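Source: prediction; values computed, not measured.
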Amino acid sequence: MPDDLSSTWNLLSSDNFEGYMLGLGIDFATRKIAKLLNPQKVIEQDGDSFTIHTYSSLRNYLVKFKVGEEFDEDNKGLDNRKCKNLVTWDNDRLTCVQKGEKKNRGWTHWLEGDKLHLEMFCEGRLCKQTFQRA
């Protein structure tokens with residue numbers, strides 16, 4: 001059984017976030033502001049149903065999904081694109097494949113010890129973030 005990701009998580013480290021945003025086509029000014037943020041994630045997990053809130057001083061974002069069920073995501077306020085997403089478990093990793101304008105886009109969450117790891121990828125650019133429990 002995969003780990004329960006439910007918790008409040010604070011950003012501890014971020015590697016290549018600006019490069020990832022560049023892959024998404026996010027404008028210069030927004031990239032410069034966004035890379036200064038320290039977002040907090042609140043993950044609510046009930047079996048295979050998830051609600052993920054991401055809070056920052058610039059924008060808040062909410063996504064709800066059920067593992068194994070394709071859903072539409074409107075990234076308004078992020079990169080302003082619409083995606084068709086499918087989230088699955090890959091062993092103990094929660095993996096999302098996003099289909100839309102951008103190629104090879106998605107993310108993976110997993111736990112290692114008391115840390116939550118997130119890898120976001122788009123068009124060959126990879127961002128690695130680590131979060132700790134609040």
Side-chain angles (χ1 to χ4, degrees):
M1 181 71 167
D3 291 319
D4 184 350
L5 304 181
S6 296
S7 194
T8 299
W9 302 94
N10 292 329
L11 183 66
L12 187 63
S13 66
S14 185
D15 180 44
N16 198 36
F17 186 51
E18 186 169 10
Y20 168 73
M21 290 187 292
L22 192 61
L24 289 172
I26 294 174
D27 68 83
F28 178 82
T30 302
R31 288 196 321 269
K32 295 304 175 193
I33 293 168
K35 76 179 210 175
L36 298 174
L37 301 175
N38 287 306
Q40 181 180 70
K41 284 189 175 290
V42 178
I43 300 177
E44 299 166 17
Q45 179 181 351
D46 182 9
D48 278 341
S49 296
F50 283 82
T51 301
I52 301 177
H53 299 266
T54 304
Y55 300 104
S56 75
S57 56
L58 180 63
R59 291 191 177 102
N60 297 326
Y61 189 70
L62 167 69
V63 63
K64 294 181 179 188
F65 59 88
K66 186 167 184 179
V67 174
E69 294 182 6
E70 191 173 67
F71 66 98
D72 293 321
E73 183 178 14
D74 184 351
N75 292 309
K76 186 170 175 67
L78 299 173
D79 65 340
N80 297 315
R81 289 186 173 83
K82 294 183 181 187
C83 299
K84 272 216 179 294
N85 296 349
L86 180 62
V87 179
T88 57
W89 285 111
D90 181 10
N91 295 312
D92 63 343
R93 293 178 181 226
L94 191 63
T95 300
C96 178
V97 174
Q98 300 175 312
K99 295 179 184 171
E101 289 177 43
K102 295 292 184 174
K103 304 291 184 226
N104 302 315
R105 180 177 177 174
W107 52 260
T108 302
H109 276 103
W110 74 95
L111 292 176
E112 272 183 26
D114 63 345
K115 303 286 190 286
L116 174 72
H117 295 269
L118 170 62
E119 289 185 351
M120 299 176 288
F121 53 91
C122 180
E123 297 195 341
R125 297 177 184 264
L126 176 66
C127 172
K128 296 180 179 184
Q129 295 184 330
T130 304
F131 294 80
Q132 64 184 6
R133 290 186 199 274

Next item on the list: For a side chain to side chain contact (heavy atoms under 4.5 Å, CB included) with Phe50, tell me which candidate from Val87, Ile43, Val63 qualifies.
Entry: Ile43

Note to self: Is it the case that atom NZ in Lys32 sees more than 12 heavy atoms from other parts of the structure closer than 6.0 Å?
What the structure shows: yes

Checklist line | Within-4.5 Å side-chain heavy-atom neighbours: Asp15 and Gln129 | finding: no

Checklist line | Spatial distance of atom CZ (Phe17) from atom CG (Leu22) [nearest 0.5 Å] | finding: 12.0 Å

Margin query: Are there over 12 heavy-atom neighbours, none belonging to Asp27, within less than 6.0 Å of that residue's CG?
Written below: yes

Next item on the list: Identify the heavy atoms of Tyr61 and Asp74 that sit nearest to each other, and give their distance.
Entry: OH-O, 3.5 Å

Margin query: Are Leu24 and Phe121 linked, directly or through intermediate hydrophobic residues, by side-chain heavy-atom contacts shorter than 4.5 Å (ILVMFWY only)?
Written below: no

Check: In Å, rounded to the nearest 0.5 Å, how long is the span from CG of Asp46 to NZ of Lys66?
Finding: 9.0 Å

Check: At what distance, to the nearest 0.5 angstrom, does CG of Asp72 lie from CG of Asn85?
Finding: 8.0 Å

Note to self: For Gly23 versus Lys102, what's the shortest heavy-atom pair and its separation?
What the structure shows: O-NZ, 3.2 Å

Margin query: If I take atom CZ from residue Arg59 and atom CG from residue Leu37, how far apart are they, to the nearest 0.5 angstrom?
Written below: 9.5 Å

Next item on the list: Indicate whether the side chain of Asn10 and that of Gln40 have a donor and an acceptor atom separated by less than 3.5 Å.
Entry: yes

Notebook entry, point to check: Are the side chains of Asn104 and Glu123 in touch, meaning some heavy atoms are under 4.5 Å apart?
Noted result: no

Notebook entry, point to check: Quick one: does Asp48's side chain get under 4.5 Å of Glu69's, heavy atoms only?
Noted result: no

Next item on the list: For residues Leu86 and Phe65, determine if any side-chain heavy atom of one lies less than 4.5 Å from a side-chain heavy atom of the other.
Entry: no

Item checked: Non-hydrogen side-chain atoms of His109 and Leu116 separated by less than 4.5 Å -> yes

Next item on the list: Identify whether Leu111 and Met120 are in the same connected component of the hydrophobic contact network (ILVMFWY, side-chain heavy atoms under 4.5 Å).
Entry: yes

Margin query: Testing the basics here: between Asp3 and Trp89, what is the closest heavy-atom pair and its distance to 0.1 Å?
Written below: O-CH2, 3.9 Å

Checklist line | Heavy-atom side-chain proximity of Trp107 to Gln98 below 4.5 angstrom | finding: yes

Check: Going by atom types alone, do Asn91 and Trp110 pair a side-chain donor with an acceptor below 3.5 Å?
Finding: no

Notebook entry, point to check: Does any non-hydrogen side-chain atom of Leu12 lie less than 4.5 Å from one of Phe131?
Noted result: no

Note to self: With heavy-atom distances below 4.5 Å as the criterion, would you say the side chains of Glu44 and His53 are in contact?
What the structure shows: yes

Margin query: Determine whether Lys82 and Glu101 satisfy the following criterion, salt bridge (charged side-chain N to carboxylate O under 4.0 Å, His left out), listing intermediate values before the conclusion.
Written below: CA-CA 8 Å; Lys82 294 183 181 187; Glu101 289 177 43; over 6 Å; no

Check: Do Phe71 and Val67 belong to the same hydrophobic cluster, where Ile, Leu, Val, Met, Phe, Trp and Tyr are linked whenever their side-chain heavy atoms lie under 4.5 Å apart, directly or via other members?
Finding: yes

Check: Can a donor-acceptor pair be found between the side chains of Ser7 and Arg133 at a distance below 3.5 Å?
Finding: yes

Notebook entry, point to check: Can a donor-acceptor pair be found between the side chains of Thr54 and Lys41 at a distance below 3.5 Å?
Noted result: yes

Margin query: Using only atom types and a distance under 3.5 Å, with no angle test, would you say the side chain of Thr130 pairs donor to acceptor with the backbone of Ser13?
Written below: no

Check: Just wondering, are more than 12 heavy atoms of other shown residues or ligands nearer than 6.0 Å to NZ in Lys115?
Finding: yes

Next item on the list: Compare every heavy atom of Tyr20 with every heavy atom of Cys122, then report the nearest pair and how far apart it is.
Entry: CB-CE1, 3.9 Å

Note to self: When you measure from the side chain of Arg31 to the backbone of Ile26, do you find a donor-acceptor pair of N or O atoms at a distance under 3.5 Å?
What the structure shows: yes

Note to self: Please report the interatomic distance CG(Leu36) to CG(Leu58), rounded to the nearest 0.5 Å.
What the structure shows: 10.0 Å

